[in-house]
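Shown next, in C-alpha cells, is the structure this report addresses.
Nothing here was measured: the structure is a model prediction, and the numbers come from that model. Every chain is numbered from 1 and lettered A, B, ... according to where its sequence line falls, protein lines coming before strand lines.
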There are 2 protein chains.
Amino acid sequence: MAARALLEEEGEEALTMRSLAERLGIKAPSLYKHVSGRQEIETLLAAEALTEMGETLANESGLEAMGRAYRTWALDNPALYRVATTRPLDRENLTPGLEDAAAAPLLEALDGDRNRARAFWALAHGLVLLELDGRFPEDADLEAAWAAGLG
Amino acid sequence: MAARALLEEEGEEALTMRSLAERLGIKAPSLYKHVSGRQEIETLLAAEALTEMGETLANESGLEAMGRAYRTWALDNPALYRVATTRPLDRENLTPGLEDAAAAPLLEALDGDRNRARAFWALAHGLVLLELDGRFPEDADLEAAWAAGLG
DNA sequence: CATTCTTGGCTAACTGTGTTAGCCTCTATC
DNA sequence: GATAGAGGCTAACACAGTTAGCCAAGAATG
C-alpha cells in the first residue's frame, strides 16, 4: 500500500485522504471507489503491520531477543506501529486468525502461558509508546529498563 | 476545569473547542481570551491528571497495590488518562517537578531503581492502554495478566 | 455491430475541526 | 469623565473526512 510509505515518510499526521490521493495521482473522492473510508485504510495498514511484527518475532528465539526485535521494529516504523496498536481493532474486517498468528511466536516462547504473554506484550508496548512519545528523560537508559522489565 | 467533565462524560472525541465553549456558555473564539489553544488545555488536563495519579499511588504501599490503583484510576478516567499519557508532554508549559512528583511514590517503592520503575510504569501503561483499546480478548483474565507481569 | 453496464475518474459541496482578525461593550482606574 | 483592558461577539479561513452526481472509457451482452 502507498499509504504506508506516506505514513513513514511524512508522519502520522500526513496520512490524510487528500495527501494519499495526491500520491496516487488522483483526487480524494476517487479513493472511495477503492476503499470505504479512512477506517478501512487503517485496518489494512494494521493487518500489514501485525503480519510483519509476527514474522519479526518468529525469527527470534528467547524473550530478550524478541523484546529487542519488537522494539527495533516499532522504532523503525513508528507511525505504522501506532496505527496498528493504539486503536481498537476492526476485527470484523480483519482476516481471521491474523491476530493470533502475530501473537503465536511470543506465546510459544512462553510455553503457552497467556497471562505472561499478555504481560510481556504490555511491557513491550508500554516501553515503546513511552519512548516514541518522548516520555522518558533524555538520558534514560532504555536498554536497562527493558532488561529490568524482562527480569 | 470544565474540560475534564466534558472529556469524561462525552468521551475524548467530544472535547472540541466549540463544545467546551458551549459548556461554558460562550462561543469558541472567546476561549482564546483565556487559553492559547487546544494544546494548552491538554497540557492543563495532563497536569491535573499527573498530580492526581501521583497522589493515588502515594496512598498505596507495595507494587501490587500500586498496580491495582493505577489500573483503577485509568479505567475510571479513561479519556483523561489518554490525554495525560499518550502524547508528548509540553514540558515548557508544565510546572517543573510535576512529572517527578507523580513518579516519586513508585520510585520510592522500588528503592530508587529507575530502571525497574520505568519498566513497572511501562507495564502498567501497556496493560491499561491495551485494555482500554479492547485489544485483549473478551474472556482474558486481566487480573492474572497483571499478576504475571508483577512477578 | 450496437447497446448497455461497470469501473474509476472528476467537480462541487457539506459538516466539523482549530484558529485568526477585528469589532464592541462593560468595568475599573486615574 | 476619559481611557485602557478584559472578555465577549461575528465572520472567515484552511483543512479534515465524506457524499452526490456527472462523465468517459472499456467490458459484456443482445
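Annotation: salt bridge (charged side-chain N to carboxylate O under 4.0 Å, His left out) contacts involving residues 135-146 of chain A, sequence neighbours excluded, comprise Arg68(A)-Glu143(A), Arg71(A)-Glu143(A). Legend: ring-ring contact (aromatic ring centres under 6.0 Å, His included) pairs involving residues 128-151 of chain A, not counting sequence neighbours, sorted by first then second residue: Phe136(A)-Trp121(B). The list of salt bridge (charged side-chain N to carboxylate O under 4.0 Å, His left out) pairs with a residue in residues 89-98 of chain B, not counting sequence neighbours, reads Arg91(B)-Glu99(B). Within the structure, ring-ring contact (aromatic ring centres under 6.0 Å, His included) pairs that include any residue of residues 79-101 of chain B comprise Tyr70(B)-Tyr81(B), Tyr81(B)-His125(B) (at least two apart or interchain).
In terms of heavy atoms, Arg38(A) sits closest to Leu15(A) at NH2-O, 2.5 Å. Across every non-hydrogen atom of Val83(B) and Ala46(B), the tightest pair is O-CB, 4.5 Å.
Scored by the side chain to side chain donor-acceptor pair (under 3.5 Å) test, Glu9(B) finds Arg23(B) as partners (sequence neighbours excluded). The salt bridge (Lys or Arg N to Asp or Glu O under 4.0 Å) test applied to Arg4(A) returns Glu48(A), Glu52(A), not counting sequence neighbours. Ser36(B) pairs by the side chain to side chain donor-acceptor pair (under 3.5 Å) definition with Glu40(B), not counting sequence neighbours.
Against DNA chain D, the stretch residues 3-20 of chain B makes heavy-atom approaches under 4.0 Å through Arg18(B). DNA chain D lies under 4.0 Å from at least one heavy atom of each of the following residues of residues 27-36 of chain A: Pro29(A), Tyr32(A).
Atom pair Glu22(B):CD and dG16(C):P shows a separation of 12 Å (rounding to whole Å applied). Taking atom CD on Glu42(B) and atom C1' on dG18(C), their separation rounds to 12 Å, with Å as the unit. A straight line from CD of Gln39(A) to P of dG17(D) spans 13 Å, rounded to a whole angstrom. The distance from atom CZ of Arg38(A) to atom P of dC15(D) is 16 Å, rounded to the nearest whole Å.
Ile26(B) is not listed as a side-chain neighbour of Leu20(B), based on a closest heavy-atom distance of 4.5 Å or more.
A donor and an acceptor atom, one from each side chain of Thr43(A) and Gln39(A), are located under 3.5 Å apart.
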Atom pairs under 3.5 Å, N or O on each side, protein against nucleotides 25-27 of chain C: can you list them with distances?
none

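End-to-end axis angle for the helix from dC1(C)-dG30(D) to dC30(C)-dG1(D), using five pairs per end and rounding to 10°, comes out at 10°.
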Donor-acceptor list for residues 100-120 of chain A side chains, cut-off 3.5 Å, not counting sequence neighbours:
from: Asp113(A); atom 1: OD1; to: Asn115(A); atom 2: N; distance (Å): 3.0
from: Asp113(A); atom 1: OD1; to: Arg116(A); atom 2: N; distance (Å): 3.1

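With a 6.0 Å radius and a threshold of 12 heavy atoms from other residues, nucleotides or ligands, Glu22(B) has its CD atom at or below the threshold.
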